[in-house]
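All remarks here apply to the structure that follows.
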Amino acid sequence: MSLETEEILRDLSQNAESVCRHYLPAGRREGSYWMVGDLQNNPGRSLFVRLTGPTSGAGASGKWTDSATGEHGDLLDIIRERTGITRFPDLLNEARVHLGRPQPILPDANSPRSRKSPSGTPAAAARLFAASLPLAGSLAEVYLRTRGVTQAVPSATLRFHPKCWHRDEGQTKPIPRPALIAAVTDGAGALQGVHRTWLAPDGQDKAAVDTPRRAMGHLLGNAVRIAPADHTLVLGEGIETMLSVREAAPSLPVWAALSSGHLGAVLLPEGLQRLFIAIDRDPAGHRAAERLTARATEAGIAVQVLEPRLGDFNDDLRVHGAEALRQHLAQQIDLKDLHRLTI
């Protein structure tokens, strides 16, 4: 275990009640424990989290046990379960955000070789986005058409790179492949990262590789802002999913968080009054929606969850078409925003 991981676990342990109130809000404190039904945040008293004690070892604060199942673990396990985050570095980022800890700063050597920003930083992401091309007439446009997306997308959000390097795990050399490039921006509009979807040579599908999607840069709290928010925002996971919502309702502001883990952590804009969460039909999507709902409600924002008929809204668009999707959304959308569904 790295020194920083030990420090984060210690800080989480010292703030165990804060972690429980945020990630297990259906529970309550009883003496030295936080009591809740289970890791899915159901009401009850089967799962108990110790709130006092040392920061490590036997009887440590932050250790939990589910008496119904015999499961046990630490606060990082709770955060993982409640956010759906699977990658350990992203899980540590989530814990840092909750604790208010700064992101780690890598040492910057003064040699000429180090002057170029390393791969994965916002600067490297900005270089890749700047080197990309407009969608019009590209394989990325072909790909989006195969997914049922016909509405034009601002070039400041989505672009195309004909030779974006890709390397699957185990490969020794990267291979240049065509890719759809999406800008991940913060609340001020500054580019903080990019998301890459590698494409088949004819653009008809994603590339036939183990990992056809990857993101780089600072993602947590940020999003692919397909259309700017005003008093209303529709927020979901995938780019194609949110482009599908926009296909049915072009005047709705839509953002893509890129994953269920990041969906629960997107920083909501000032002045937002109504938030629609476009979920995917899976447990991780529901958990992320619960967490985002709690945050938005606490900020005084009205929340409505939008559910697809099938697995996600892109499935709905491709199977049923834009008009049927528009009618399905109309059954769930707030009356104040129904006019946005009229083309």
Side-chain angles (χ1 to χ4, degrees), residues 84-90 119-120 124-125 127-153 155 157-184 193-217 219 223-224 226 236-247 256-263 278-285 308-322 325:
I85 296 173
T86 56
R87 294 186 66 252
F88 191 69
D90 294 338
S119 175
R127 290 199 307 273
L128 176 60
F129 195 75
S132 301
L133 307 171
L135 286 181
S138 71
L139 288 178
E141 184 180 51
V142 172
Y143 169 72
L144 293 177
R145 295 292 184 270
T146 67
R147 303 300 292 257
V149 176
T150 62
Q151 295 284 334
V153 183
S155 60
T157 303
L158 293 183
R159 294 175 68 84
F160 168 70
H161 199 295
K163 295 182 178 181
C164 183
W165 292 106
H166 177 276
R167 179 167 57 191
D168 266 334
E169 190 171 346
Q171 287 183 329
T172 57
K173 291 184 178 181
I175 298 173
R177 301 181 186 273
L180 172 68
I181 309 294
V184 180
V194 295
H195 183 272
R196 297 155 290 176
T197 303
W198 281 279
L199 307 174
D202 61 0
Q204 294 292 321
D205 202 348
K206 295 185 290 294
V209 294
D210 291 340
T211 310
R213 303 179 191 270
R214 283 199 186 111
M216 61 189 292
L219 307 182
V224 178
I226 298 168
E237 295 182 35
I239 294 169
E240 294 92 331
T241 297
M242 300 316 297
L243 287 173
S244 299
V245 173
R246 184 170 177 264
E247 188 75 15
L258 300 177
S259 71
S260 59
H262 289 101
L263 176 62
I279 66 168
D280 290 357
R281 280 191 177 276
D282 56 41
R309 293 175 179 174
L310 303 174
D312 60 42
F313 285 106
N314 188 244
D315 291 339
D316 285 9
L317 176 65
R318 288 188 289 168
V319 173
H320 299 296
L325 177 54

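Since the structure is predicted, the reported quantities are computational estimates derived from the model, not experimental observations.
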Can you name the nearest heavy-atom pair linking [X] to [Y], along with the distance?
| X | Y | value |
| --- | --- | --- |
| Pro308 | Gly311 | CG-O, 3.9 Å |
| Met216 | Ala124 | CE-CB, 3.8 Å |
| Thr157 | Val153 | CB-CG1, 4.3 Å |
| Pro134 | Phe160 | O-CB, 4.2 Å |
| Glu237 | Met242 | N-SD, 4.4 Å |
| Asp312 | Asp280 | CB-OD1, 3.4 Å |

Next on the checklist: Please list all pairs meeting salt bridge (charged side-chain N to carboxylate O under 4.0 Å, His left out) that have one or both residues in residues 198-212, counting only residues at least two apart or in different chains.
Outcome noted: none
Checklist entry - Going through the distances and angles, do Gln204 and Val142 end up as a side chain to side chain contact (heavy atoms under 4.5 Å, CB included)? => result CA-CA 6 Å; Gln204 294 292 321; Val142 172; 3.5 Å; yes
Donor-acceptor pair, side chain of [X] and main chain of [Y], under 3.5 angstrom:
| X | Y | result |
| --- | --- | --- |
| His262 | Ala256 | no |
| Arg159 | Ser132 | yes |
| Trp198 | Cys164 | yes |

Item to check | side chain to side chain contact (heavy atoms under 4.5 Å, CB included) between Leu219 and His195, worked out | outcome: CA-CA 9 Å; Leu219 307 182; His195 183 272; over 6 Å; no
Item to check | Rounded distance [0.5 Å steps], CD1 in Ile85 versus CG in Leu263 | outcome: 11.0 Å
Checklist entry - Taking it one step at a time, do His166 and Arg214 satisfy side chain to side chain contact (heavy atoms under 4.5 Å, CB included)? => result CA-CA 9 Å; His166 177 276; Arg214 283 199 186 111; 3.9 Å; yes
Item to check | Glu247 side chain near Leu325 side chain, heavy-atom distance below 4.5 Å | outcome: no
Item to check | Contact check, side chains of Leu258 and Arg213, non-hydrogen atoms, under 4.5 Å | outcome: no
Item to check | Non-neighbouring partners of Asn314 that pass side-chain hydrogen bond (donor to acceptor under 3.5 Å, both in side chains), sequence neighbours left out | outcome: Arg147, Ser244, Arg318
Checklist entry - Partners of His161 by side-chain hydrogen bond (donor to acceptor under 3.5 Å, both in side chains), sequence neighbours excluded? => result none
Next on the checklist: Given Leu144, which partner from the list Thr150, Ile239, Leu243 fulfils the side chain to side chain contact (heavy atoms under 4.5 Å, CB included) test?
Outcome noted: Leu243
Next on the checklist: Using the rule given for side chain to side chain contact (heavy atoms under 4.5 Å, CB included), can you reason through Ile226 versus Leu158, listing the C-alpha separation, both sets of side-chain angles and the distance that settles it, and then say yes or no?
Outcome noted: CA-CA 8 Å; Ile226 298 168; Leu158 293 183; 5.8 Å; no
